[in-house]
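To start, the structure under review is shown below, and the notes come after it.
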Amino acid sequence: MKLAHLILLLLDLHLSSSGHTPASGLPQEDLVEQKCLLQKYTHLSCDKVFCQPWQKCIDGTCVCKLPYQCPKNGTPVCATDGRNYPTYCHQKSFECLHPEIKFSNNGTCTDQGKFNVSLIYGSTDTEGIVQVKLVDQNEKMFICKNSWSVAEANVACFDLGFPLGVRDTQARFNIPVNLHINTTECLHVRCRGIETTLAECTFTRRRTKTPHGLAGVVCYTQDADFPTSQSFQCVNGKRIPQEKACNGINDCGDQSDELCCTGCRGKAFICKSGVCIPNQYRCNGEVDCITGEDESNCKEDRQHNIHEGVARPDQGGETEMETEETEMLTPGMDTERKRIKSLLPKLSCGVKRNTHTRRKRVVGGQPAEVGDYPWQVAIKDGQRITCGGIYIGGCWILTAAHCVRRSKLHHYQIWTALLDWLKPNSELAIQAVNRIIIHENYNGATYQNDIALIEMKKRPGKKECELSRSVPACVPWSPYLFQPNDTCIISGWGREKDNQRVYSLRWGEVNLIGNCSQFYPGRYYEKEMQCAGTSDGSIDACKGDSGGPLVCNDINNVTYIWGIVSWGENCGKPEFPGVYTRVANYFDWISYHVGRSLVSQHNV
Ligand code: 4AZ
């Protein structure tokens, strides 16, 4: 009887901690933000994450680029259709449009045979010990258990046709003892977790004296479900144990368990945007948080994480003391992915040309100097400066809808690089207006959608608007770039608290305020508006500042136009903060009118 010849090969040295019960008896802290879950964010939601270099962000979703939009230089790769592609980006872009065609190998197609993954010794075809056959090897090989985590197991399951990824990475399977499998030689594999086939991952061969555990997997299928209670519902329909949400590990396979977090469990890092990323992504030379803080303050750790072989989060710190020989078999495509990313065009916005040290002075503000606010413009209506505006690039100015009327187009002038309108400085330039676009849902009674675009006239014979002293502020593409309590800056020529006229540009620091309905019940629309002010009301926008900027600086000191001065009850009263048009909510409206290439920072 065959059974008699079976032994239970202990693939796992220690008991797996992948159970359903919390590790400690303490009640589980709920780190998931329920309201955010309604948005159904996944790895394709560019409000929360960066798109792949072969994708672009359109209306909050990463969509496939066309292959011709890939950077030209690179080396050819071979795909499962037996065809050569000029670069990895071309192949991934083609695969994005035709998912059945996957990556096969780096370099041109040869007749050496195909890459292959299979499962054996499982009782169904959804599970078993993982075997791979590399393109240039004849034999099938096993994978060492200590290199096997959720990232690699998900990729293996995707590759095998299970789109929901892995159910269990620690499963044990019975290997017939008479097979005499050599478990001192197995492959190490390292994936990022976003690959569609293990062929894209890094394989190394390690020979040791002591036998290895071999990697096994149970792929997720709907019929093998977790109980509905006490489980987290992923956007792709998968259920995972509640305690695996917000741990930095992509247990869902579509990352939906890591995108709505108020904090992270275990060895994970929380991005300001509410995303948990694995700790080893911190200071690894690639920005993962859309807000960039995973790559800041890195001096010491940088060298550390940039190297291979940092302990993985779900491995319990196993080390391989007894490695005798390590041989690189396939280098993996992650380095190539990063290289392609670095070749994508970069938008120049939000960075001042000359940053001189600012002498420190809107209500309670301070006077600005030339070059301090190079995106600030003044809108002159006849003889008076009536509103502010913000330069966003090309010939385009962003302002408040309540500042402009289409019928008065010929009365307006745009004054750029202006400081004091009683004593105009030499840098001042004056532009006529070509077109005014007012938001189609602007409501003059409620101030909803208080946003408008002004297109300036080009000088005769010129193809572009040449504003040598102006710098565009960046348009925020995600509502998660800045948060309540962040400190931002307002500027303008508006009135002082006592209604005193102001002739020179003034600026002041304000904090973003959450929960603003408490100050303006029934009048505040969270999605479209943003409150900002100071606790004592000492800094505020006022009459005449309308249409002007509320700007915030990201961790790299890049300036974003977060708000447009819109309305508020009085000026300088702490119980009535200033209300601004929430510009991030209008990214698609703006890019529709001015063109994506002018405002898209990430993947035009
Ligand atoms: C205005 O009348 C105005 N304190 C602008 C901003 C604020 C109040 C009034 C906010 O243009």
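Values reported hereafter were calculated over all heavy atoms of this structure, with side chains retained and with hydrogens, waters and symmetry mates removed. Numbering of ligands and ligand atoms starts at 1, following listing order.
- Across Asn570, Thr386, Val565, Asp540, heavy-atom proximity to atom 6 (C) of ligand 1 is greatest for Val565.
- In Phe576, neither the side chain nor the backbone holds a heavy atom less than 4.0 Å from any atom of ligand 1.
- Distances between N or O atoms of Gly572 and those of ligand 1 include no value under 3.5 Å.
- Using cut-offs of 30° and 60° for the angle between ring planes, the Tyr560 and Trp477 rings count as tilted.
- With a 4.0 Å cut-off on non-hydrogen atoms, Val363 does not touch ligand 1 at all.
- In terms of N/O distances under 3.5 Å, ligand 1 is approached by Ser546.
- Between Trp562 and Phe482, the two ring planes are perpendicular [angle over 60°; tilted spans 30° to 60°].
- Annotation: cation-pi geometry not satisfied between Lys238 and Phe232 (NZ/CZ under 6.0 angstrom from ring centroid, within 45° of ring axis).
- Among protein heavy atoms, atom 7 (C) of ligand 1 sits closest to Ala541 O, 3.6 Å.
- Between Tyr447 and Trp567, the ring planes are perpendicular. Angles over 60° get that label, and only those under 30° would be called parallel.
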(message) Could you walk me through whether Cys349 and Cys474 satisfy the disulfide (SG to SG under 2.5 Å) test, starting with their C-alpha distance in whole Å, then the side-chain angles of each, then the deciding distance to 0.1 Å, before giving a yes or no?
(response) CA-CA 5 Å; Cys349 64; Cys474 303; 2.0 Å; yes

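- Checking Tyr373 against Tyr391 by side-chain atom types alone, no donor-acceptor pair falls below 3.5 Å.
- Among all protein heavy atoms, the one lying closest to atom 2 (O) of ligand 1 is Lys543 CA, 3.7 Å.
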